[in-house]
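Reading through the structure tokens given below for one structure.
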2 protein chains.
Amino acid sequence: MTSPRPEWLAALAHLAVERTYDAGEAVFRLGAAARHVHFLAEGRVTLSRFGPRGEEVAIHAARAGEFFAEASLHSERYHCTAVVARPALVASIPSDELRALLRRDAEFAMQWLAIVSRQLRQARTRVERLCLKGARERVRHLLLTEGSGAAHRYTLHGSVKDLAVDLGLTHEALYRTLAAMERENLILREEGSLVLVRQPGFPGV
Amino acid sequence: MTSPRPEWLAALAHLAVERTYDAGEAVFRLGAAARHVHFLAEGRVTLSRFGPRGEEVAIHAARAGEFFAEASLHSERYHCTAVVARPALVASIPSDELRALLRRDAEFAMQWLAIVSRQLRQARTRVERLCLKGARERVRHLLLTEGSGAAHRYTLHGSVKDLAVDLGLTHEALYRTLAAMERENLILREEGSLVLVRQPGFPGV
DNA sequence: CGTCGCATTGATATCGCTCAAATCCGGTGG
DNA sequence: CCACCGGATTTGAGCGATATCAATGCGACG
């Protein structure tokens, strides 16, 4: 998802500077001047902020094929820190050149707007999920909203631990919840994906 | 915040249809054809979705002067339900006309993009907040991120109950937390606003 | 003056967090 | 080939924070 159409990725390609990053490296840090918007070609990057005592809080996990820090197009400084979780190939586009392109090319601007809008919807869906109280409800919500097809199959991107962070749970709680839900025949776990078992009286979304 | 510049609000005015809504009325419902983007001139509107048993989950509370359902510009149907919390005056702009305007006017498109980007950042900040475990941490985070000025003063928009929903807490838990934090001299409550008391050893953000 | 909703506080139960430990797995080096 | 290692996975036990249920005061509004 969010895989950009090639025709206008090409429009950006000659503006971008590519670079590889090792795991643990920072692409940018909170407070730094936001001079680039980034595209993650390969690997994994997590956007996070840090609490007063240094607790890391993940606010977004960029996947290969996604832009990240798009919101920084309109702000002076980065509002979070981007750390590479798995060795990554990142294409960085200078903000001012991207701004110029957006102003010049209305069609491109519409597509860029579509990307940001989708991210907004995803973020709001995640807010909705985090407002649910129980771990089971969050898992159900995840499958209903992110699962593909009528069977609501959700393919794991990374480890279960990563998913736990995404759901705002500890990995222990998630493991237990998944085990319990499978025991009660609410979900199925198979080869890196979760499937929602259709419940009688629960119409799909 | 998010108050649109008059010059281009005017550009939208002649496209919009204004209407008043009573509390409890729905501006649109999940699944309906997304033919309009909305601007809340007065009142309060909450965007929410419903769990399998009808539990309402608030995903956004639009304030006067904000657009809502901007993300629906790029989707066929609404992804949530907008219910009026307080009597509201809503200006609805036909999606296709707005799309045409975005395509025609690059400057307007940039400003629209800025609005959506800001909403994205706000949503991500809220995700970050909801990932914090304790109620106190969430309150602290709220004041640090949404509070204005060096004193981090946060002005309540509506009742404390509303704030509790925003923080993903029950109102009882929030009342208790606020009382405890005030008792411990961590915050001050004064006339509809919360102020963070600067703690030694806690550098501001 | 009664009613309704917000604000507030108390008592109890539950769920997830924390600490702890065992197993499994892929990779690495001898 | 095998021993070892680190990280993911899984399960256990106990505690604490928040949800839940309940009750009261208070102010607005008809």
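In what follows, every chain begins at residue 1, and chains take the letters A, B, ... in the order their sequences are listed. Computed from heavy atoms alone, side chains included, the values below leave out hydrogens, waters and symmetry copies.
Listed for the A:R126 side chain is no donor-acceptor partner under 3.5 Å among the backbone atoms of B:R124.
Note on B:R189: a side-chain N or O is less than 4.0 Å away from OP1 or OP2 of C:dT8.
Between A:F28 and the choices A:H38, A:H79, A:H36, the ring-ring contact (aromatic ring centres under 6.0 Å, His included) rule is met once, by A:H38.
The stretch residues 160-169 of chain A touches DNA chain C through A:G168, A:L169, each having a heavy atom within less than 4.0 Å of the strand.
Atom CG in A:L132 sits roughly 16 Å away from atom C1' in D:dT18 (whole-Å rounding). D:dA8 atom P lies 14 Å from atom CG of A:L156, rounded to whole Å. The NZ atom of A:K133 sits 15 Å away from the P atom of C:dT14 (whole-angstrom rounding). If you measure from atom CZ of B:R138 to atom P of D:dA17, you get 14 Å, rounded to the nearest angstrom.
Listed nucleotides C:dT9, D:dT18, C:dG16 differ in distance to B:A173; the shortest reach to its side chain belongs to D:dT18. For A:S159, the listed nucleotide lying nearest its side chain is D:dT9; candidates were C:dC17, D:dT9, C:dA20. Ranking C:dT8, D:dA19, D:dT10 by closeness to the B:H171 side chain, first place goes to C:dT8.
When each of A:T170 and B:Y175 is assigned the nucleotide of DNA chain C bearing its nearest heavy atom, the one mapping closer to the 5' terminus is B:Y175.
The heavy-atom pair separating B:R153 from B:E190 by the smallest distance is NH2-OE2, 2.9 Å.
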